Amino acid sequence: MSTPTTPSPKSAGEPNLVNADAPGLEERLHQLWKNYSQIVTVVLVVIAVGIAAKGGWEYFAGQREHSVEQAYAAASTKAQLQAFIAANPSHPLAAAAQLRLGDEAYAAGNFADAVAAYDAAAGSLKSGPLASRARLGSAMAKLQGGRESEGMAALKAIAGDANEFKAYRAEADYHLASQAFASHDAAGVKTYTGQLMQVDPTSPWVQRVMQFRAETVGGEKPAATAGSAATPASSASPEIKLPGTGK
């Protein structure tokens with residue numbers, strides 16, 4: 001009987017045979033491009049359009065912001081500020097314009113207009129130093145405009161609110177101490193002086209309230225010394241200053 005022949009094993013160095021009919025890498029890439037070139041092109045176009053649109057929008061927004069800033073800087077009269085606010089009601093600079101209107105009205109003694117402008121500014125700003133300044137301005141305008149109880153309540157709210165900016169809390173305490181001094185209220189002067197010292201002992205308002213406290217004795221001004229005229233009660237009230245400016 002003949003013995004079946006068994007195939008001899010491959011030698012270690014013998015290479016694998018490659019199918020000569022299999023497409024090469026270049027041909028496969030060419031076929032992929034042929035099949036998906038349109039999709040790839042569309043995707044690339046969409047990306048390019050998106051980049052261009054984003055760049056165009058940023059340029060447009062930058063130009064518009066610049067024009068708004070120029071318009072705000074150019075507004076120097078009440079009518080111009082009001083026109084700017086009407087044209088840009090949601091822009092932060094509209095609140096700044098309202099604050100300017102409030103200051104101008106306050107300086108002119110138009111306290112009702114000042115309250116309206118300050119309240120509008122505070123309502124738009126919500127928080128931050130300008131919002132605190134607007135609330136202080138509104139409180140002082142109410143106080144000077146004959147709405148004393150509202151003004152005092154607003155000042156007390158500012159002075160006691162830890163979320164308000166320290167500088168404006170300190171100024172609110174100063175104005176409260178000033179009102180107490182004008183009313184010969186020694187206890188009030190002491191209270192608001194202490195509050196101011198707790199809020200900011202380095203505040204420039206401290207020196208003024210300490211003077212109030214030194215001049216107030218037992219709820220009354222010190223008696224006039226011999227040879228000097230008595231201090232009239234009207235002089236007890238300090239000079240009214242624009243709120244938030246120190247002027």
Side-chain angles (χ1 to χ4, degrees), residues 78 81 95-200 203-213 215-216 219-221 232-247:
K78 179 179 179 180
L81 286 170
Q98 290 283 15
L99 194 58
R100 286 171 60 185
L101 287 174
D103 287 347
E104 291 176 7
Y106 187 96
N110 299 325
F111 298 117
D113 289 347
V115 170
Y118 285 137
D119 286 348
S124 296
L125 292 166
K126 306 296 183 186
S127 62
L130 290 182
S132 293
R133 187 180 181 283
R135 283 188 281 271
L136 177 63
S138 177
M140 288 302 298
K142 289 173 182 175
L143 193 65
Q144 300 305 320
R147 298 160 61 179
E148 184 174 349
S149 60
E150 292 180 62
M152 291 293 286
L155 286 174
K156 290 175 182 178
I158 294 169
D161 189 348
N163 293 319
E164 295 284 5
F165 272 69
K166 184 169 65 174
Y168 297 113
R169 292 183 65 196
E171 185 172 349
D173 273 320
Y174 160 74
H175 290 302
L176 289 168
S178 172
Q179 292 299 309
F181 179 73
S183 301
H184 309 301
D185 179 5
V189 170
K190 181 179 179 181
T191 295
Y192 298 125
T193 299
Q195 287 183 184
L196 198 162
M197 292 294 290
Q198 288 183 348
V199 170
D200 184 7
S203 170
W205 300 107
V206 168
Q207 183 177 358
R208 300 187 187 188
V209 296
M210 293 303 290
Q211 183 178 354
F212 294 158
R213 186 167 178 175
E215 293 180 8
T216 304
E220 296 290 338
K221 294 275 293 191
S234 61
S235 68
S237 179
E239 180 186 357
I240 298 302
K241 300 182 182 297
L242 194 65
T245 64
K247 296 179 180 179

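Quantities reported herein were computed from a predicted structural model and do not represent experimental measurements. Computed from heavy atoms alone, side chains included, the values below leave out hydrogens, waters and symmetry copies.
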Side chains of Y192 and F212 in contact at under 4.5 Å (non-hydrogen atoms): no
Rounded to the nearest 0.5 Å, what separates atom CG in N110 from atom CG in L101? 11.5 Å
Does the side chain of H175 come under 3.5 Å of the side chain of Q179 through a donor N or O and an acceptor N or O? no
Considering all heavy atoms of both residues, which atom of Y106 and which atom of Q144 are nearest to each other, and what is their separation? OH-CG, 3.5 Å
Report the residues that fulfil salt bridge (charged side-chain N to carboxylate O under 4.0 Å, His left out) with R147, sequence neighbours left out, ordered by chain and then residue number. E150
Not counting sequence neighbours, which residues clear side chain to side chain donor-acceptor pair (under 3.5 Å) with D200? List them please. T202
Suppose we screen for side chain to side chain donor-acceptor pair (under 3.5 Å). Which residues come up paired with D113, at least two apart in sequence or across chains? none
Who passes side chain to side chain contact (heavy atoms under 4.5 Å, CB included) against S124, sequence neighbours left out? A95
List the residues meeting side chain to side chain contact (heavy atoms under 4.5 Å, CB included) with R169, not counting sequence neighbours, and say none if there are none. A162, E164, V199
How close do G188 and A180 get, heavy atom to heavy atom, and via which atoms? C-CB, 3.7 Å
Is there a side-chain contact between M152 and L143 (heavy atoms, below 4.5 Å)? yes
Can you name the residues that form a side chain to side chain contact (heavy atoms under 4.5 Å, CB included) with A139, not counting sequence neighbours? A154, L155, I158
I need the minimum non-hydrogen distance between A159 and Q195, along with the two atoms involved. CB-NE2, 4.4 Å
If the condition is side chain to side chain contact (heavy atoms under 4.5 Å, CB included), which residues does L130 pass it with, not counting sequence neighbours? L99, L125
Which value, rounded to the nearest 0.5 Å, describes the distance between M210 atom CE and Q207 atom CD? 10.0 Å
To the nearest 0.5 Å, what is the distance between CD on E171 and CE on M140? 7.5 Å
Heavy-atom distance under 4.5 Å between the side chains of L196 and Y174, does that happen here? yes
Please report the closest heavy-atom contact between A170 and S203, naming both atoms and the distance. CB-OG, 3.8 Å
What's the shortest heavy-atom distance between A141 and F111, and which atoms? O-CB, 3.4 Å
Sequence neighbours excluded - side chain to side chain donor-acceptor pair (under 3.5 Å) pairs with any residue from residues 151-163: none
Contacts of type side chain to side chain donor-acceptor pair (under 3.5 Å), residue Q211, not counting sequence neighbours: E215
Given F181 and T216, is the side chain to side chain contact (heavy atoms under 4.5 Å, CB included) satisfied, shown in steps? CA-CA 7 Å; F181 179 73; T216 304; 3.1 Å; yes
For residues Y168 and S132, report the shortest heavy-atom separation together with the two atoms involved. CD1-CB, 3.6 Å
